[in-house]
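Chain identifiers are assigned alphabetically (A, B, ...) following the order of the sequence lines, protein sequences preceding nucleic acid strands; residue numbering begins at 1 within each chain. Quick note: numbers below take in every heavy atom, side chains included, and nothing from hydrogens, waters or symmetry partners. In this text, all values refer to a predicted model and were calculated from it rather than measured experimentally.
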Amino acid sequence: MSFFLQFMIDVLSLGGAYALMALGLVIVYGILRLVNFAYGELIMVAGYTMYLTSGSGLPWLVMAAVAVLMAMLAGIATDYVAFRPVRAKSVTAVLITSFAFSTLLQNAALLFISPRPRNVPLPEIFSETVQFAGVITPARNLITIATAVVMLALFSWLMRRTVLGIAMRAAATNFTMARMLGVPANLVISSAFAISGLLAGVVSMLWIGRIGAVVPGIGLEPLLIAFIATVIGGMRSLQGAVLGGFLLAFMDTTLNFTLPQDLLKFRDAFTFSLVILILLWRPQGLIKGPASGQRT
Amino acid sequence: MTDDSLRTIDVSVEFSGLRALDGVSLSIAPGEILGLIGPNGSGKTTLVNAITGQVPLADGRILCGEADLTGFSPREVSLRGIARSFQVVRLFNNLTVIENVEAAALAHGNGRRASRDKARDLLTEFGLEARAEDLAIGLSYGDKRRVEISRALAADPKYLLLDEPAAGMNEAETAALLSILEELPRTSGLGLLIIDHDMTLIMRLCDRLHVLASGRTIAEGGKDSVRSNPLVIEAYLGTGAETAHA
C-alpha cells in the first residue's frame with residue numbers, strides 16, 4: 001500500500017509539473033499552429049528574476065510573484081518581437097524568429113549574468129521531507145501536486161467560464177472565423193502568450209525547487225518535455241497536453257521503479273521508445289483536437 | 001434624410017488577372033430581403049466575400065450608411081454590423097452549441113450573462129434549445145446551419161448575408177427556417193441578402209432580386225420584372241422560372 005502511495009505521489013508530482021509545461025506550450029500552438037521554441041527561456045527568465053531579486057530582502061512569495069510576472073511579460077514580448085511581425089508571412093519565418101529570440105535571451109543571460117549556475121533562494125519547506133502513511137517524500141512533491149491542482153482548476157475555469165477563455169477556444173478551433181465574428185485576434189494571441197508565460201513562471205518555481213539553481217540553458221529540458229507531452233497527448237488539445245504530461249510522468253516513474261540500476265542511465269531511451277510506439281498507434285496523439293484551423 | 005442602406009458601388013474583384021466581379025453595384029435597405037442569384041461561378045459568393053472584407057477590391061467602394069467600409073478587415077466589417085453565413089458551415093466544432101452563439105455576442109461587447117441569455121433566446125427561436133450543451137461537431141448538417149445563422153444574429157447585425165442558408169436541410173427544416181427569415185426584417189429592421197439556387201425559396205422570401213452572370217449584373221429589380229427578363233432566363237432561370245411560376 002505504501003509502495004503504491006509512494007508511486008502515485010511521484011507520478012502526480014512529476015506529471016503535474018509536466019502537464020503545466022505542456023499546457024504553456026499548447027495554448028500558443030492551439031491558436032497559432034506554431035511551436036514557440038522560446039518557451040524554455042520564459043522559464044529561464046523567471047529563474048533569473050528570482051536570482052536577481054534574492055538580495056532584495058523581499059518575502060519569497062513576493063519574489064516568486066515578481067518572477068512569474070516577468071515570465072508573463074517575456075511571453076508577451078515573444079509575441080511582439082518574434083511572432084507578430086512575421087505571423088502572416090510563413091511558418092518557417094516564425095520558427096526561425098522564435099529560435100532567434102530563444103538564442104538571444106539565452107546569450108543575454110550568458111553575457112550579462114554568468115554561464116555558471118546561480119543559486120536561487122528557496123523557502124525551507126522545499127528541502128524538507130514529509131512522512132505519512134508509511135511514505136517518506138520531499139515536501140516539494142506535495143507542493144507541486146497542490147500547485148498543479150490549483151493551476152489546472154484555474155486554467156479550466158478560465159477557458160470554460162470567462163469571455164477570454166471562450167474567445168481563445170473559438171480562435172483555437174478556427175482563427176479566421178473567430179476574427180470574422182469580431183473576436184480581437186491580437187488581444188487573444190497576446191493573452192495566450194501571457195498565460196503561457198504565467199504557466200512557465202509557475203513551472204520555473206517548481207523546477208528550480210528540484211535543482212536549486214538557474215543556468216542559461218535551464219529551459220531546454222522543460223521545453224523538450226512539454227513538446228513530447230503535447231505530441232503524445234495531441235498537439236491541438238488542451239486536455240491532450242495534460243494527459244500527455246501525466247502519461248509521460250507515469251512512464252518515467254515506472255521506469256525509475258522497474259529498470260535495473262545499470263540500465264537506469266538509459267531511461268530516456270526507453271521513454272522515447274514508448275513514445276514512438278504510442279505515435280505509431282495514434283499518430284495524431286491520444287486526443288484529437290478540433291479538425292479545422294487556419295493561421296493568419 | 002440619411003441613407004442607411006448597405007451599398008456596393010462599381011465593385012470589381014480580380015484573382016490573378018481573372019475578373020471575378022466586374023463593376024457590380026447593389027444596395028440593400030434596412031428591413032429589405034434581397035435575393036442574389038446567378039449561375040454557378042457568377043460571383044455571388046465573391047461579392048459577399050468582398051463586402052465582408054475577405055477579398056480585396058480591385059476597384060469600387062463598399063458603403064454602409066455614412067461609413068465607407070472599403071479596405072476594412074473582416075473584423076472591422078463585423079463590428080460595423082454586417083454578419084454572414086457560409087456556403088460550407090464553419091462552426092467552432094469543439095465548442096458547445098450555446099458557446100458558438102455566445103462567442104459572437106461576447107465579441108460584440110455584450111457581457112457574460114447578457115451573451116448567454118441572448119444565445120439561449122436565439123437557440124430557442126431556432127428550435128435548438130435541447131442541443132444547447134452539446135458539442136457543435138455532433139449536430140446534423142441542418143442543425144449546424146441553424147446554429148450558424150443564430151451565431152450571426154447574436155452579433156446584432158444591421159445586415160445579414162446568407163450564402164445558401166437552406167442547403168442540406170430537409171423540407172420541414174427549410175420551411176421552419178423560412179418562416180423565421182421572413183419575420184426577421186419586419187421585427188428587427190434587419191436587411192437580408194440571400195444567395196440560393198432554390199428559386200421557390202428565393203421567390204417566396206425576397207422583395208427584390210439582383211442577378212449576376214460572369215461577374216456582371218445582368219438584371220435587378222422586382223421579382224416579376226427579373227423573372228420575365230430574357231437575359232435572366234437565358235443565363236440562369238430556364239426551367240427554374242417555370243418551377244417558380246408553378
* Assess whether side chain to side chain contact (heavy atoms under 4.5 Å, CB included) is satisfied between A/Met180 and B/Thr52, documenting all intermediate values. => CA-CA 8 Å; A/Met180 260 186 263; B/Thr52 51; 5.6 Å; no
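By a heavy-atom distance cut of under 4.5 Å, B/Glu102, B/Ala103, B/Ala104, B/Leu106, B/Ala107, B/His108, B/Arg112 are the residues of residues 102-113 of chain B near chain A, going up by number. For residues 153-165 of chain A, a heavy-atom distance under 4.5 Å to chain B picks out A/Arg160, A/Arg161, A/Thr162, A/Val163, given by residue number. Among residues 70-79 of chain B, the residues having any heavy atom closer than 4.5 Å to a heavy atom of chain A are, in sequence order, B/Pro74, B/Arg75, B/Ser78, B/Leu79.
In this structure, a donor-acceptor pair under 3.5 Å is absent between the side chains of A/Thr173 and B/Asn93.
With sequence neighbours left out, the salt bridge (Lys or Arg N to Asp or Glu O under 4.0 Å) criterion links B/Glu164 to no other residue.
More than 12 heavy atoms of other shown residues, nucleotides or ligands fall within 6.0 angstrom of atom CZ in B/Arg116. Heavy atoms from other residues, nucleotides or ligands lying under 6.0 Å from CE of A/Met70 number 12 at most.
Taking CZ of B/Arg90 as the start and CG of A/Leu181 as the end, the distance is 11.0 Å to the nearest 0.5 Å. Note that the CG atom of B/Leu95 and the CG atom of A/Asn174 stand 11.0 Å from one another [nearest 0.5 Å].
Looking at A/Ala170, the atoms closer than 4.5 Å to chain B (heavy atoms on both sides) sit in the backbone and in the side chain alike.
The closest side-chain heavy-atom distance from B/Phe92 to A/Arg169 is not below 4.5 Å.
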